[in-house]
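A short write-up of the structure that comes next.
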Amino acid sequence: RGCLERVAGQDAILRAAGLPTATATTLGHPGNPLYDLIELLEGRDPAATDAVRAAAEALGICLAGVVNVIDPDTIILGGTYAALAPWLVEPLRRSLVRQVIASEWRPIEIRTSMLGPDAAVRGAAAWVVQRVLAAPGMVATR
């Protein structure tokens with residue numbers, strides 16, 4: 001109750017657009033209804049557009065709190081948000097401008113991750129490789 005995932009997560013966006021959420025576990029899955037959502041967005045479907053705008057507003061409110069505290073100059077959208085970037089970025093930017101204290105003097109850049117749906121897996125693999133490189137004796141056996 002009250003968490004960002006319930007209002008701006010992939011399932012919440014799909015539900016608000018009138019799409020199923022049962023197979024929405026991974027972006028790379030061929031049956032993922034996110035692809036149906038993108039088709040609706042490309043066709044300017046009002047429910048899909050409203051769903052993404054509402055998610056962008058909620059995401060902007062949440063991120064504004066973080067930006068006001070740690071003052072990053074860039075926000076990178078990944079996963080579902082990266083796939084929805086063409087429809088998400090502008091409403092997100094408007095939400096951030098309204099909420100971020102220094103937005104008038106220091107605009108925040110919003111970028112899209114280039115890693116695609118495998119970002120989490122790549123991050124986990126990179127973590128393992130870094131651990132092995134830092135202490136190869138811990139994993140190497142003779």
Side-chain angles (χ1 to χ4, degrees), residues 1-140:
R1 194 172 100 138
C3 73
L4 183 62
E5 184 70 21
R6 291 187 49 100
V7 293
Q10 179 174 307
D11 284 354
I13 296 169
L14 291 169
R15 205 171 11 263
L19 293 169
T21 61
T23 60
T25 54
T26 60
L27 187 58
H29 187 273
N32 190 320
L34 183 63
Y35 299 115
D36 297 330
L37 176 62
I38 291 170
E39 282 184 27
L40 291 174
L41 290 165
E42 288 171 344
R44 300 176 193 249
D45 178 80
T49 303
D50 288 348
V52 172
R53 282 188 187 141
E57 177 68 23
L59 185 60
I61 290 168
C62 181
L63 287 173
V66 175
V67 170
N68 283 330
V69 172
I70 64 172
D71 195 28
D73 46 7
T74 305
I75 292 173
I76 299 175
L77 301 174
T80 299
Y81 298 129
L84 299 176
W87 304 276
L88 185 83
V89 169
E90 281 314 309
L92 174 59
R93 187 181 320 281
R94 287 191 300 270
S95 181
L96 285 167
V97 165
R98 285 193 309 275
Q99 306 288 327
V100 172
I101 297 166
S103 66
E104 186 178 329
W105 305 282
R106 194 165 188 274
I108 301 157
E109 183 178 359
I110 301 172
R111 298 179 62 194
T112 305
S113 170
M114 304 307 275
L115 296 178
D118 297 329
V121 173
R122 290 180 185 197
W127 181 80
V128 170
V129 169
Q130 287 175 346
R131 299 285 299 218
V132 169
L133 293 175
M138 298 295 289
V139 293

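Note that the structure is a prediction, hence the values are computed from the model and not measured. Values reported hereafter were calculated over all heavy atoms of this structure, with side chains retained and with hydrogens, waters and symmetry mates removed.
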Is there a side-chain contact between Val67 and Pro72 in this structure, where contact means two heavy atoms from C-beta onward sitting under 4.5 Å apart? yes
Can you tell me how far CG of Leu59 sits from CG of Leu84, rounded to the nearest 0.5 angstrom? 11.0 Å
Scanning both residues in full, the closest heavy-atom pair of Ala58 with Ala8 reads CB-CB, 4.3 Å
Return the set of residues passing salt bridge (charged side-chain N to carboxylate O under 4.0 Å, His left out) with Glu39 (not counting sequence neighbours), or none when no residue passes. none
Sequence neighbours excluded, the answer for salt bridge (charged side-chain N to carboxylate O under 4.0 Å, His left out) partners of Glu5 is none
Closest heavy-atom pair and its distance - Pro91, Leu88: CD-O, 3.3 Å
Not counting sequence neighbours, which residues clear side-chain hydrogen bond (donor to acceptor under 3.5 Å, both in side chains) with Glu90? List them please. Arg93
By side chain to side chain contact (heavy atoms under 4.5 Å, CB included) - contacts of Gln130 (at least two apart): none
Going through the checks in order, is the side-chain contact (heavy atoms from CB on, under 4.5 Å) test met by Ile75 and Val66? CA-CA 10 Å; Ile75 292 173; Val66 175; over 6 Å; no
Non-hydrogen atoms of Ser113 and Gly78 that approach each other most closely: CB-CA, 3.9 Å
Residues which pass side chain to side chain contact (heavy atoms under 4.5 Å, CB included) with Ala85, listed by chain and number, not counting sequence neighbours: Val89, Thr112
Residue pairs involving residues 125-134 (criterion salt bridge (charged side-chain N to carboxylate O under 4.0 Å, His left out); sequence neighbours excluded): none
Pro86: partners by side chain to side chain contact (heavy atoms under 4.5 Å, CB included), with sequence neighbours left out: none
In Å and rounded to the nearest 0.5 Å, what is the CG to CZ distance from Leu77 to Arg111? 11.0 Å
What's the separation between atom CD1 in Ile61 and atom CG in Leu92, rounded to the nearest 0.5 Å? 11.0 Å
Contacts of type salt bridge (charged side-chain N to carboxylate O under 4.0 Å, His left out), residue Asp71, not counting sequence neighbours: Arg106
Taking all atoms of both residues into account, what is the closest heavy-atom pair of Leu34 and Gln10, and its distance? CD2-OE1, 4.3 Å
Check residues 95-105 and write down every donor-acceptor pair under 3.5 Å in which the side-chain atom is one partner and the other belongs to a residue at least two apart or another chain.
| from | atom 1 | to | atom 2 | distance (Å) |
| --- | --- | --- | --- | --- |
| Ser95 | OG | Glu57 | O | 3.1 |
| Arg98 | NH1 | Arg94 | O | 3.4 |
| Arg98 | NH2 | Glu57 | OE1 | 2.3 |
| Arg98 | NH2 | Glu57 | OE2 | 2.9 |
| Ser103 | OG | Val97 | O | 3.0 |
| Ser103 | OG | Val100 | O | 3.1 |

Spacing of Leu37 atom CG and Trp87 atom CH2 [to the nearest 0.5 Å]: 8.0 Å
Of all residues at least two apart in sequence or in a different chain, which pass the side-chain hydrogen bond (donor to acceptor under 3.5 Å, both in side chains) check with Arg53? none
Using side chain to side chain contact (heavy atoms under 4.5 Å, CB included) as the criterion, list what pairs up with Ala51, not counting sequence neighbours. Ile13, Ala16, Ala17
Decide yes or no for Ile108 and Leu63: does some side-chain heavy atom of the first lie under 4.5 Å from some side-chain heavy atom of the second? no
